[in-house]
Amino acid sequence: MEQNQWKLNTPPEAEVLVDTDVLSLRAPLVRVARDAEGAWSFTGPGADPPTQRTVLGAVVAAWPHVSALTDLDRGGAVVWSWTRHGWAGEFECRCGNCETPVAADLDRRSWPSDVQPDSLISVEKSALSGQVTLTDILSTPDGVAFLGPGRHQRTSDLMTPVAAANVARRWPHTVQALRSIKNGRGLSWNPEGLNWREYVLA
């Protein structure tokens, strides 16, 4: 990510801890916390998972929606809300009457009815593994494709089919994009506005 697009108040080269199940894509990234010194940790739904060290820039490249956490202060924690499609403060409710956000895996009950969870999406392997950032979602007569940076043409050996529900577990910020994308259109991730922008496919 370009330095002028960096939004977090911690530099991209800062060392962070990531749940090994999240890194290996066995679990979704659903909780982000900072300790009293300001160090970041990224975990899945389980408690006290084994972790591995990496740098913050690599996490943001793999999970672009982490860039939205500009207000996460030392000692704070947020969890991904599948119903709200966004980050929620872990201890947001203090009245006792609201539902406290919990770091959880994707719940099929919160899955939108207009997207088939088992429909296959063609995903660029290097984006799936986190080697490159997911930048584009395309909808063509052949189906939906998730791509990293570069021209839209990809050979089949660079792509792999993934069920929509697993794509959402990998990139929670794509659920609303999957609902809105129209045939013959593309969506590009806008790292400045932290949103998807539509364009017409050539």
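The first residue in the sequence is number 1, and the count goes up from there. As the structure is a computational prediction, the values presented were derived from the model and not from experiment.
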Novice: Asn183: which residues meet the side chain to side chain donor-acceptor pair (under 3.5 Å) condition with it, sequence neighbours left out?
Specialist: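 For Asn183, no residue satisfies side chain to side chain donor-acceptor pair (under 3.5 Å) once neighbours in sequence are set aside.
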Novice: With a 4.5 Å heavy-atom cut-off, do Val123 and Val167 have their side chains touching?
Specialist: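 A side-chain contact under 4.5 Å exists here.
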Novice: Taking only residues two or more places apart in sequence or in another chain, which ones pass salt bridge (charged side-chain N to carboxylate O under 4.0 Å, His left out) with Asp142?
Specialist: none
Novice: Listed by chain and number, what are the side-chain contact (heavy atoms from CB on, under 4.5 Å) partners of Gln116, not counting sequence neighbours?
Specialist: Ser119
Novice: Please answer whether the main-chain N or O of Glu37 pairs with a side-chain N or O of Arg74 as donor and acceptor at a distance below 3.5 Å.
Specialist: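 Yes; judged by distance alone, with no hydrogens or angles, the pair exists.
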Novice: Supply the atom-to-atom distance Thr174 OG1 to Trp189 CH2, rounded to the nearest 0.5 angstrom.
Specialist: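 Thr174 OG1 to Trp189 CH2: 10.0 Å, rounded to 0.5 Å.
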Novice: If you take all heavy atoms of Trp111 and Ala168, which pair is closest and at what distance?
Specialist: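 For Trp111 and Ala168, the tightest heavy-atom pair comes out as CZ3-CB, 3.6 Å.
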Novice: Mind checking side-chain contact (heavy atoms from CB on, under 4.5 Å) for Asp21 and listing every partner two or more places apart, or none if nothing turns up?
Specialist: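 If we apply the side-chain contact (heavy atoms from CB on, under 4.5 Å) test to Asp21, skipping adjacent residues, the hits are Asp19, Ser24, Arg26, Ala27.
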Novice: Contact between Pro28 and Trp82 at the side-chain level, heavy atoms closer than 4.5 Å - yes or no?
Specialist: yes
Novice: Is there a path of hydrophobic side-chain contacts, each under 4.5 Å between heavy atoms of I, L, V, M, F, W or Y residues, that connects Val30 with Leu23?
Specialist: yes
Novice: Do any N or O atoms from the side chain of Asn190 and from the backbone of Leu194 form a donor-acceptor pair under 3.5 angstrom?
Specialist: no
Novice: Is there a chain of hydrophobic side chains (I, L, V, M, F, W, Y, each step under 4.5 Å between heavy atoms) that links Leu158 to Leu128?
Specialist: no
Novice: So Thr20 and Thr51, do their side chains get closer than 4.5 Å, heavy atoms only?
Specialist: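 When only atoms from C-beta onward are counted, Thr20 and Thr51 do not touch, as no gap falls below 4.5 Å.
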Novice: Transitive ILVMFWY cluster of Val55 at side-chain heavy atoms under 4.5 Å: who else is in it?
Specialist: none
Novice: Hey, is the main chain of Leu187 close enough, under 3.5 Å, to the side chain of Glu198 for a donor-acceptor pair?
Specialist: no
Novice: Ignoring hydrogens and geometry, is there a side-chain-to-backbone donor-acceptor pair from Trp196 to His173 under 3.5 Å?
Specialist: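 Here the side-chain-to-backbone pair exists.
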Novice: Do Tyr199 and Ser188 touch side chain to side chain, with heavy atoms closer than 4.5 Å?
Specialist: yes
Novice: Yes or no on side chain to side chain contact (heavy atoms under 4.5 Å, CB included) for Val22 and Thr43, after CA distance, side-chain angles and deciding distance?
Specialist: CA-CA 7 Å; Val22 169; Thr43 53; 5.6 Å; no
Novice: Check whether more than 12 heavy atoms from other residues, nucleotides or ligands sit under 6.0 Å from atom CG of Asp71, and answer yes or no.
Specialist: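 No, the 6.0 Å shell around CG holds no more than 12 heavy atoms from other groups.
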Novice: Donor-acceptor pair, distance only, cut-off 3.5 Å: does the side chain of Lys7 make one with the backbone of Ala68?
Specialist: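 Looks like no, no N/O pair under 3.5 Å.
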Novice: Which value, rounded to the nearest 0.5 Å, describes the distance between Arg185 atom CZ and Thr140 atom OG1?
Specialist: 14.0 Å
Novice: Measure the spacing between OG of Ser41 and CZ of Arg31 and express it to the nearest 0.5 Å.
Specialist: 6.0 Å
Novice: Residues in side chain to side chain donor-acceptor pair (under 3.5 Å) with Arg170, at least two apart?
Specialist: none
Novice: Where is the tightest heavy-atom contact between Trp87 and Leu29, given as atom of each residue plus distance?
Specialist: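 Heavy atoms of Trp87 and Leu29 come nearest at CH2-O, 4.3 Å.
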Novice: Under a single-linkage definition using a 4.5 Å side-chain heavy-atom cutoff for Ile, Leu, Val, Met, Phe, Trp and Tyr, are Val102 and Leu72 assigned to the same hydrophobic cluster?
Specialist: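 Result: no, two separate clusters.
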Novice: Any idea which heavy atoms bring Ala77 and Ala33 closest together, and the distance?
Specialist: CB-CB, 3.9 Å
Novice: Find the distance between CG (Leu8) and CG (Leu56) and round it off to the nearest 0.5 Å.
Specialist: 5.5 Å
Novice: Holding to salt bridge (charged side-chain N to carboxylate O under 4.0 Å, His left out), I want the full list of residues that pass it with Asp73, two or more places apart in sequence or in another chain.
Specialist: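 By the salt bridge (charged side-chain N to carboxylate O under 4.0 Å, His left out) rule, Asp73 matches no residue at all.
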Novice: Under the salt bridge (charged side-chain N to carboxylate O under 4.0 Å, His left out) rule, collect the residues that match up with Arg53, sequence neighbours excluded.
Specialist: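 Salt bridge (charged side-chain N to carboxylate O under 4.0 Å, His left out) list for Arg53, sorted by chain: Glu15.
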Novice: Applying side chain to side chain contact (heavy atoms under 4.5 Å, CB included) to Val66 and Phe42, what does each step give before you reach the verdict?
Specialist: CA-CA 10 Å; Val66 166; Phe42 301 87; 3.7 Å; yes
Novice: Side chains of Trp80 and His65: does their closest heavy-atom pair fall under 4.5 Å?
Specialist: yes
Novice: Hydrophobic clusters join Ile, Leu, Val, Met, Phe, Trp and Tyr when side-chain heavy atoms are under 4.5 Å apart, directly or via other members; which others share one with Leu17?
Specialist: none
Novice: Is the closest side-chain heavy-atom distance between Pro149 and Val132 below 4.5 Å?
Specialist: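 Counting from C-beta outward, Pro149 and Val132 do come under 4.5 Å.
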Novice: Heavy-atom distance under 4.5 Å between the side chains of Val59 and Val18, does that happen here?
Specialist: yes
Novice: I'd like to know if the side chain of Thr133 and the backbone of Ala61 have a donor-acceptor N/O pair within less than 3.5 Å.
Specialist: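 Yes.
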Novice: Test of understanding: with side-chain contact (heavy atoms from CB on, under 4.5 Å), list the residues that count as partners of Asp114, not counting sequence neighbours.
Specialist: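 Asp114 satisfies side-chain contact (heavy atoms from CB on, under 4.5 Å) with Pro112, Arg179 only.
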Novice: By salt bridge (charged side-chain N to carboxylate O under 4.0 Å, His left out), which residues pair with Asp105, not counting sequence neighbours?
Specialist: Arg169
Novice: Using modelled atom types only, decide if a donor and an acceptor are shared between the side chain of Trp63 and the backbone of Ser67 within a distance under 3.5 Å.
Specialist: no
Novice: Would you confirm whether Lys125, through its side chain, and Asp157, through its main-chain N or O, come within 3.5 Å as a donor-acceptor pair?
Specialist: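 Here the side-chain-to-backbone pair exists.
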Novice: According to side chain to side chain donor-acceptor pair (under 3.5 Å), who are the partners of Ser129, at least two apart in sequence or on a separate chain?
Specialist: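 In terms of side chain to side chain donor-acceptor pair (under 3.5 Å), with neighbours along the sequence ignored, Ser129 is linked to Gln131.
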Novice: For the residue pair His152 and Leu138, establish whether any side-chain heavy-atom pair is separated by less than 4.5 Å.
Specialist: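 They are in contact (side-chain heavy atoms under 4.5 Å apart), so the answer is yes.
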Novice: Given the rule that I, L, V, M, F, W and Y join up when any side-chain heavy atoms are under 4.5 Å apart, are Val115 and Val162 in one cluster?
Specialist: yes
Novice: Using modelled atom types and a 3.5 Å cut-off, is there a donor and acceptor pairing between side-chain atoms of Trp171 and backbone atoms of Val175?
Specialist: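 Side chain of Trp171 to backbone of Val175, a donor-acceptor pair under 3.5 Å: no, none is there.
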Novice: To the nearest 0.5 Å, how far apart are CG in Asn166 and CD1 in Ile121?
Specialist: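 Rounded to the nearest 0.5 Å, the CG-CD1 separation comes out at 10.0 Å.
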Novice: Between CD1 of Ile137 and CZ of Phe146, what distance do you get to the nearest 0.5 Å?
Specialist: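 Interatomic distance, Ile137 CD1 to Phe146 CZ, rounded to 0.5 Å: 4.0 Å.
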Novice: What's the shortest heavy-atom distance between Ser81 and Ala88, and which atoms?
Specialist: CB-CB, 4.5 Å
Novice: For the residue pair Leu134 and Pro64, what are the closest heavy atoms and their distance?
Specialist: O-CG, 4.3 Å
